[in-house]
Amino acid sequence: MASTTPDIWERVLRGRRKKDDSHRTIRSNLLFQDSERKENPNRIYQTNEIKTTKYTFFTFIPKNLFEQFHRFANIYFVAVAALNFVPVVNAFQPAVAIIPICIILAITAIKDMWEDFRRYNSDKEINNMICLVYSRNENFYIEKCWKDVRVGDFVKLFCNEIIPADILLLYSSDQNGICNIETANLDGETNLKQRQVVRGYSNQESPFNPEAFKNTVVCETPNNNLNKFNGYMQHPNDQKTGFGNESLLLRGCTIRNTEEAIGIVVYAGSETKAMLNNSGPRYKRSKLERRMNINIFCCIGMLFIMCLTGALGYGIWSSKFVGMHPLYDVPEINGTYIPPALGGFYMFLTMIILLQILIPISLYVSIEFVKLGQIFFVHNDLDLYDEDIDLSVQCRALNITEDLGQIQYIFSDKTGTLTENKMVFRRCTVVGNEYSHQENAKRLETYKEEDSDDEDLLRVQNFALHNIYAENQSTVRHKGTKVLRRCQSARPNILGHSRKKSEGRFDLSQVAFSSPIEKDVTPDQMLLKKARESSVRIEALSPGTPQHGIKASNSPYIDFFLALAICNTVVVSTTTEPRQRVTGPPMFKAAGTPLEKFQHLFQRIKLLTVSQSSSSTSGSAPGTPSKSKSNKVTPSSGSENASRSFSGESELPGSGNDNASISKASNDNSTEEMFATISPFNIEDDFCYEAESPDEAALVHAARAYGFTLMSRTPEQVTIRLPQGTLLTFELLYTLGFDSVRKRMSVVVRHPITREIIVYTKGADSVIMDLLDDPAKANISDEKRLRKVQSRTQRHLDWYARDGLRTLCIAKKVLGEEEFKRWSSFRSEAEAAIENREELLMETAQHLETNLCLIGATGIEDRLQEGVPDTISALREAGINIWVLTGDKQETAINIAYSCQLLDQTDTVFTINTESKETCESILDCTLEEIQKFSNDKKKRSLFKRRRTETSPEVDMYPPEVGLVIDGRTLNIIFNGGLQDKFLMLAKFCRCVLCCRATPLQKSMVVKLVRDTLKVMTLSIGDGANDVSMIQAADIGIGISGQEGMQAVMSSDFAISRFMHLKKLLLVHGHWCYSRLAKMVIYFFYKNVAYVNLLFWYQFFCGFTGTTMIDYWQMIFFNTFFTSVPPLVFGIIDKDVSEETLMNLPELYKTGQTSQFYKMSTFWIAILDAFYQSLVCFFIPYFAYYGTSIDTLSFGNAINTVSLFTITLHLAIEIKTWTFLHWITIIGSFVGYFVVSLAYNALCVVCNEGGNPYWIMEMQMSEPSFYFICIITTATALLPRYFIYALKGSCSNSPITKAQKLDKMSKEQREIQIQQWKERSRGMTTCIRNVSADLGNTPIIGSSATATETMQNRFRIPGEGSSPVRSPQSRNEPGQVGQSKYVANLRREDQEDFSRANHRRSISTVTV
């Protein structure tokens, strides 16, 4: 202690000496209300008016145009339109040339204006909401709009009122200075959070007077960290009082269970933490868009070549006129003509204007509309709707829907993502004695939650010493305190808020972690008996008054359950008074049991304890066979769970008074006799526990099941009811909350009986075990006992982890008065610091949490979510690699991996744990060499030795299935030691990678490593705040709106409610979105190239003069209206394969992973097809009208009509699922074209200079040759594509083609074919696994010992000793099919190689 004291003081003083240049100083506005505004120091801060709009009336046009010009395509078309105003190079009428780009810019601007107008209305409604602000002139709180609130104002809030700004809490109507808030608007968490009045203001006898507030508030500058807030309050006498996040009321939160609260505004408007976190939807560039940009540059290259060809052609053609010039070639003013070279350059620019639509101008806008339509259908999919929480899939990133169909790697959290995050108390160990809770296990196996409206009436069944009867009143309320009810929904809408308090019916389902499966705990009878006996002894010490100088009861059982009930931040409320926080112990009365009778009873218990022998052994749990000490319990099979109970190991000697020897007969008889003399207490037993995490709720419910009931909690004290009904009120001195760095939490309390100061700590076993007191410091007997407790507890923890349970260790420490005073002084200084406050608080906490005494440990079960194994199996079949990144123990993660089919019993699993770079590198090299050698040998045999059987070519392609397990320490070595490439090389051979004990930073680093190095599409999915960095690092982040709040959802691109929804989201909607958009983009490129080439071919017949044969208005209408709608409908609702087929055949998803619908070859094939069709559409009408007197515009009209039929029917060939909308848009395009053309040609007499389109369409439609040309040309143009598609449908063996054939069958035939498809795929996989499993365990392969010996030699590190290598026996699946002749031949060929492919191999190293 003495050695660390100067260091702490030095850091505190160093942090406080730093310059206060990053702080905010706030004074009360009441002090300057009568002064000029410039004298108020708060005038420099933001007002509370928020503005989320991007534009104003005057800035909309310039700002919106500036944003749209960030797109290269828009700049290109504006430049081309401007170029057309140059007389020497213009190809069209300048005013007409700007119409297309104006239409595109206008559509985008209207969309942006509508979105901004909605934001404006939202801002207006919020800014005009009403709150109460204190006025010095009125000497009262007056109503003001939110936008009029300023930093330094005093605001009064009532229950169910939304907080208008970030407010420092100075007063609460609660007697303990507590204000409860709900943060659902910020993070989605519906459980209540406690906020506490700044120290010195909590015990106010009179109402808070804002005018008497003369202090100065100093706090940090605004930031977006919701969980960090530091500052201090400087009093007029220069005394400083520190405060933190526990005193800050955040804007957007809702006051709950508090009649009124008053505070001073510290952050307002855009500087509040809520607004700083309001980043809105996330925008990313999808993989398809990145590839599309490359194709646009290819189109620019084609445009350059075509323009260059036109320029050279014009130059060559004009150079042939020697001495004379054509009539249309007008000379300059001075009579000279433009030289051919300069004329060629001008023609190059003219050709750019003429062929500008080679770049699809409407492509970007069309993509936005298509994605909005896709998102609409995804959002309204009923299969992705969760009825329990009334939530469907949410799309927060609007422009990466197609990436859902190209995912190659999934990185998943475990807790709350793969599991339900419903923590159920399952087992525990106390001072080395394990209690299996077999009855509770049976209950969980057969438990089915009742889905009824009366679920909130289910009560926890407590196994206490006496029957507990309910009374009408359960809480003590102070005079004038009203019942405060929480009436709003779990996700309140800030826009529907009213400042007035409201009443409503309370729904218990709003309470987090309160389902019956979490609350109902069946106690272990042996542990229950110990808890009863111990509670009787401790009550004997406290008949009514505290006893000083008495040593606390040495019963670890009492400490164990007290730690479960106290060491948390649970808020206690009742069901009779909904969410009314319990601040005092319930009133009860003993029915006819005088105090003298209790004293007499406790005296008899003391005498009985002293007179009994101290050498008896513990009995067996009911229904559990007893075992001798020599019998060892080894967790080797599924039946071991029944043997892991208290009876499996002898109870440790000397582990407290509870372990004192009491004969069974006398104990039972005496206890029953004494209990019979006590009448039951009438105590209300209907509580609601609102916890911040499911672990806390599970432990509190477990303690309550054993009779240790958490009755009330305030900032100063916590009350526990013992099994006999006695209430113990502990003085709560400090609460050191849980954080991801310490991985533990602690409470410092004063025992009400002994007045000792006790520290109860719970946390991860990997941390707590390192903080235990050294047993060598104790005497010999205690040292032996402590070592045995630690070793046996560690063994039990390993058992729990192998069973897939979440483990927590419970420990305690007794502090002396002087030691506590010194530490409390350091803590107060750290709390008052602003600079380095978090580091100082962390340091003081770590200093306290040392030399702990281990009490026990708990195992909590977190069940798999429904459909997780099936979803993972389907995703694996789809070719997606799945990694699990979790902070849990390795054993727990491995067990869950087997349960959810991430790992198979026949897999070879490598486990790497080390803290040495050399060791890590050696293991990676050896493991990689082992896998690569096996893979290379199989490839050689497939080329030279194998017989070509029906299945052998498929089997040869796969190495044995391998899994990799690695911990956080090893990940640090890999990233810091430059071993990323080797790690990735090894991971590529693994079907599953488990990263355990990983920090949030490590999770994001792993995702970035795989994404950037392997150049693959990644998806991260998680449900908690610790998954945010991982979600943001991936190409697609998916948040699960589970029980850990909405932090992950708010940072994600998509949000779902269950992991199983990921299957349809990817396999169906992902595939559809990608295939639709890819085909639509390819179609746009084809359409524009095919149409532009018609103009290009005409240049060869007009002397490359840049003239056109198609009316320019017809060209505008063609791309803007006639051919624009069908691609949109195609991109939104077309289905190449049905939903049922995609769900039943996950391997169809691989087409998106390999980008089969959109790759460079697909693009160039479409371009070649466009060139061919343009040639057909131009030259067939050309030769048909050759030698006739048809004019240019009539010739162009025929070509325009033919191209419309060809381009539209080309899309019809691509459509796989015809719907009513498809027919409407296709037919509507044809009808619209003829209607508009007829009207335009009939009305337009002198629309264009140099050409008159009057009555052209009418005359041509009266000629039969026109229809004949349209039919012949369209058929000739589309015949090759139709023939290839027909041939592909008949002969192709691609999965998509086969699936499309299945969709054409009847339902019965389709189901039969799909089942046969699955059986073929399953048979192939089974054959591969059987080869690996059978060949790794057959007796005729070389000596197993030799193989193991070889592996041990390989992984023996110099200077470190031999590394332990575990090779567990294989667990072959029953009913395996016999080996084929091929397998027998293969085994004879190379037995040594397969001897290394054992069923399961685990490689670990000694920690250096």
Side-chain angles (χ1 to χ4, degrees), residues 288 370 374 377-378 381 383 401-402 404-406 874 877-879 1063-1083 1086 1126-1127 1129-1159 1161-1162 1165-1166 1169 1208-1223 1225-1226 1278-1322 1324:
L288 188 143
V370 166
Q374 291 177 347
F377 284 107
V378 172
D381 190 340
D383 291 337
T401 54
E402 66 273 21
L404 290 172
Q406 304 174 82
E877 291 181 34
K1063 178 180 178 180
K1064 186 174 185 181
L1065 183 64
L1066 296 185
L1067 301 186
V1068 178
H1069 291 290
H1071 174 86
W1072 282 345
C1073 290
Y1074 167 71
S1075 63
R1076 292 165 178 168
L1077 203 60
K1079 292 178 180 179
M1080 191 201 75
V1081 171
I1082 291 293
Y1083 175 78
Y1086 147 80
V1129 176
F1130 171 76
I1132 293 175
I1133 65 176
D1134 188 59
K1135 301 176 182 179
D1136 58 342
V1137 183
S1138 66
E1139 173 186 333
E1140 294 78 11
T1141 306
L1142 288 173
M1143 289 290 284
N1144 289 317
L1145 299 175
E1147 61 186 83
L1148 298 177
Y1149 185 81
K1150 296 178 181 178
T1151 56
Q1153 294 174 332
T1154 55
S1155 300
Q1156 291 187 12
F1157 295 120
Y1158 190 7
K1159 47 189 176 182
S1161 60
T1162 310
I1165 290 174
D1169 193 21
T1208 305
L1209 293 179
H1210 177 103
L1211 179 64
I1213 295 176
E1214 297 290 336
I1215 295 175
K1216 298 299 184 294
T1217 305
W1218 283 87
T1219 63
F1220 179 74
L1221 285 177
H1222 286 100
W1223 287 106
T1225 53
I1226 295 293
L1278 295 177
L1279 184 61
R1281 172 166 288 269
Y1282 184 80
F1283 175 76
I1284 293 175
Y1285 270 59
L1287 188 65
K1288 184 179 178 181
S1290 302
C1291 305
S1292 175
N1293 288 325
S1294 67
I1296 292 294
T1297 305
K1298 293 180 180 178
Q1300 290 171 349
K1301 293 179 182 178
L1302 292 177
D1303 288 336
K1304 298 177 182 178
M1305 299 179 181
S1306 63
K1307 183 177 180 181
E1308 294 76 13
Q1309 290 179 332
R1310 183 169 64 247
E1311 291 177 353
I1312 294 174
Q1313 292 295 326
I1314 289 176
Q1315 188 63 31
Q1316 292 177 356
W1317 189 328
K1318 287 183 176 181
E1319 289 176 355
R1320 287 194 298 269
S1321 301
R1322 191 180 300 114
M1324 196 66 60

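Side-chain atoms are counted along with the backbone in the values below, which use heavy atoms only and exclude waters and symmetry mates. Model, not experiment: these values are computed from the prediction.
For Thr1217, the side chain to side chain donor-acceptor pair (under 3.5 Å) test picks out no residue, with sequence neighbours left out. For Thr1162, the side-chain contact (heavy atoms from CB on, under 4.5 Å) partners at least two apart in sequence or on another chain are Ile1082, Lys1159. Among residues two or more places apart in sequence or in another chain, the ring-ring contact (aromatic ring centres under 6.0 Å, His included) test is passed with Phe1130 by none. Remark: Thr1225 pairs with no residue by the side chain to side chain donor-acceptor pair (under 3.5 Å) rule, at least two apart or across chains. Scored by the side-chain contact (heavy atoms from CB on, under 4.5 Å) test, Gln1316 finds Ile1312, Gln1313, Arg1320 as partners (sequence neighbours excluded). In this structure Thr1208 satisfies the side chain to side chain donor-acceptor pair (under 3.5 Å) test with no other residue, sequence neighbours excluded. For Thr1154, the side-chain contact (heavy atoms from CB on, under 4.5 Å) criterion is met by Gln1156, not counting sequence neighbours. Partners of Trp1223 according to the side-chain contact (heavy atoms from CB on, under 4.5 Å) rule, which considers only residues two or more places apart in sequence or in another chain, are Trp1218, Ile1227. For Thr401, the side chain to side chain donor-acceptor pair (under 3.5 Å) criterion is met by Gln374, not counting sequence neighbours.
Aromatic ring pairs are classed by plane angle as parallel below 30°, tilted from 30° to 60° and perpendicular above 60°; the pair Phe1157 and Tyr1074 is tilted. Taking the six-membered ring for Trp and thresholds of 30 and 60 degrees, Trp1072 and His1069 have ring planes more than 60 degrees apart, a perpendicular arrangement.
Applying the salt bridge (charged side-chain N to carboxylate O under 4.0 Å, His left out) definition to pairs two or more places apart or across chains, those involving residues 1133-1144 are Lys1064-Glu1139. Counting only residues at least two apart or in different chains, salt bridge (charged side-chain N to carboxylate O under 4.0 Å, His left out) contacts with residues 1280-1295 comprise Asp1169-Arg1281, Glu1214-Arg1281.
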